[in-house]
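Step one of this worksheet: look at the structure below.
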Amino acid sequence: MRILLVEDDRLLGDGVRAGLAASGFAVDWVRDGEAALAALAAESFAAIVLDLGLPRRDGLSVLADLRAAGNPVPALVLTARDQVADKVRCLDLGADDYVVKPFDLDELAARLRALVRRANGRADACLRHGDLVLDPAARSVTLKGAPVVLTGREFDLLRMLLDAAGRVLSRRVLEEQLYAWGEAVGSNALEVHIHHLRRKLGSELIRTVRGVGYLVDEAPR
Ligand code: CA
């Protein structure tokens with residue numbers, strides 16, 4: 001799951017990026033408000049983690065612009081303890097959640113998972129498709145109750161496809177979400193991951209929509 005981190009503090013940004021990466025997020029990090037808006041206009045993210053005090057354009061202004069432009073990306077704001085008025089304002093401006101510095105990285109990751117889950121209209125923390133269950137917090141997958149061992153990328157890819165069940169996801173969207181900036185992506189890397197998923201989970205689950213992308217049908221009821 002690809003996250004945009006907007007934080008000008010180098011130490012804090014480093015820590016958050018490392019912590020979220022350890023929880024399985026692909027993190028792109030920008031350090032000012034203008035760069036954040038440029039990134040959000042150009043790419044799709046599962047969520048953004050937004051500091052308020054930023055150079056060039058502050059976090060509240062980024063948030064206001066984003067919502068004014070109709071961008072619904074889930075936003076989690078990082079606030080300082082004494083910024084009560086800012087917390088209220090950021091929620092009013094369209095933030096979905098906030099954490100107060102200093103915060104725990106595991107809590108931040110859990111809140112992000114919850115935001116993305118709610119954005120996808122789900123209350124259940126696990127993704128289910130027939131006999132297949134994916135638990136985003138534990139990063140585990142079971143098929144008919146038996147654990148399935150997936151690589152990090154395979155897991156992220158499966159999560160995106162299950163999250164979007166019933167919709168075709170294009171190659172571009174999948175690749176954008178799967179890889180952070182600057183990561184080398186082999187031209188057939190996506191196909192290789194899909195191939196491995198089919199081998200581990202059966203060839204029926206993930207369908208190829210030729211020339212467009214991939215699809216998991218809506219979960220059987
Ligand atoms: Ca700051």
Side-chain angles (χ1 to χ4, degrees), residues 1-120 136-137 139 152 156 159-160 163 173 175-185:
M1 206 151 38
R2 192 170 178 199
I3 302 289
L4 181 67
L5 168 64
V6 192
E7 171 59 71
D8 59 316
D9 184 293
R10 197 160 286 274
L11 209 59
L12 182 59
D14 251 339
V16 170
R17 178 165 65 175
L20 292 182
S23 293
F25 295 97
V27 181
D28 291 324
W29 178 14
V30 294
R31 292 168 179 77
D32 69 69
E34 291 291 348
L37 286 171
L40 288 158
E43 317 249 4
S44 61
F45 296 92
I48 96 169
V49 175
L50 182 64
D51 185 31
L52 290 184
L54 292 169
R56 293 177 78 199
R57 191 190 266 260
D58 71 33
L60 288 175
S61 154
V62 169
L63 196 57
D65 265 37
L66 198 59
R67 297 310 188 221
N71 188 328
V73 64
L76 187 152
V77 167
L78 307 177
T79 73
R81 193 169 290 282
D82 53 355
Q83 292 173 319
V84 178
D86 280 348
K87 283 181 219 161
V88 173
R89 273 205 74 200
C90 74
L91 291 172
D92 282 343
L93 280 172
D96 299 279
D97 199 0
Y98 64 82
V99 293
V100 177
K101 300 177 194 176
F103 48 83
D104 180 81
L105 286 170
D106 287 336
E107 182 187 346
L108 179 65
R111 284 178 178 273
L112 279 174
R113 284 192 295 269
L115 276 192
V116 173
R117 194 165 72 228
R118 288 205 297 274
N120 287 320
R139 288 187 71 75
D156 292 334
R159 174 165 61 188
M160 282 188 275
D163 251 341
V173 163
E175 284 175 348
E176 273 185 13
Q177 290 281 335
L178 215 47
Y179 301 96
W181 294 323
E183 275 189 88
V185 185

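Counting convention: from 1, in listed order, for ligands and their atoms alike. Please read all numbers here as calculations on a predicted model, not as lab measurements.
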Salt bridge Arg111-Asp97, side-chain N to carboxylate O under 4.0 Å: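 Judged by the 4.0 Å cut-off on N to carboxylate O distance, Arg111 and Asp97 do form a salt bridge.
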Where at least one partner belongs to residues 20-29, residue pairs that pass salt bridge (charged side-chain N to carboxylate O under 4.0 Å, His left out), sequence neighbours excluded: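 Counting only pairs at least two positions apart or across chains, the salt bridge (charged side-chain N to carboxylate O under 4.0 Å, His left out) contacts touching residues 20-29 are Arg2-Asp28.
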Where at least one partner belongs to residues 64-76, residue pairs that pass salt bridge (charged side-chain N to carboxylate O under 4.0 Å, His left out), sequence neighbours excluded: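 Only Arg57-Asp65, Arg67-Asp96 qualify under salt bridge (charged side-chain N to carboxylate O under 4.0 Å, His left out).
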Number of protein N/O/S atoms that sit closer than 3.0 Å to the Ca ion (ligand 1):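 Excluding waters, the total comes to 3.
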Heavy-atom check, side chain of Phe103 versus side chain of Val16, under 4.5 Å: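 Touching, per the 4.5 Å side-chain cut-off.
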Side-chain touch Leu66/Ile48, heavy atoms, less than 4.5 angstrom: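 Yes, their side chains come closer than 4.5 Å.
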Residues in side-chain contact (heavy atoms from CB on, under 4.5 Å) contact with Ala109, at least two apart in sequence or another chain: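 Here the qualifying residues are Leu20, Ser23, Phe25, Arg113.
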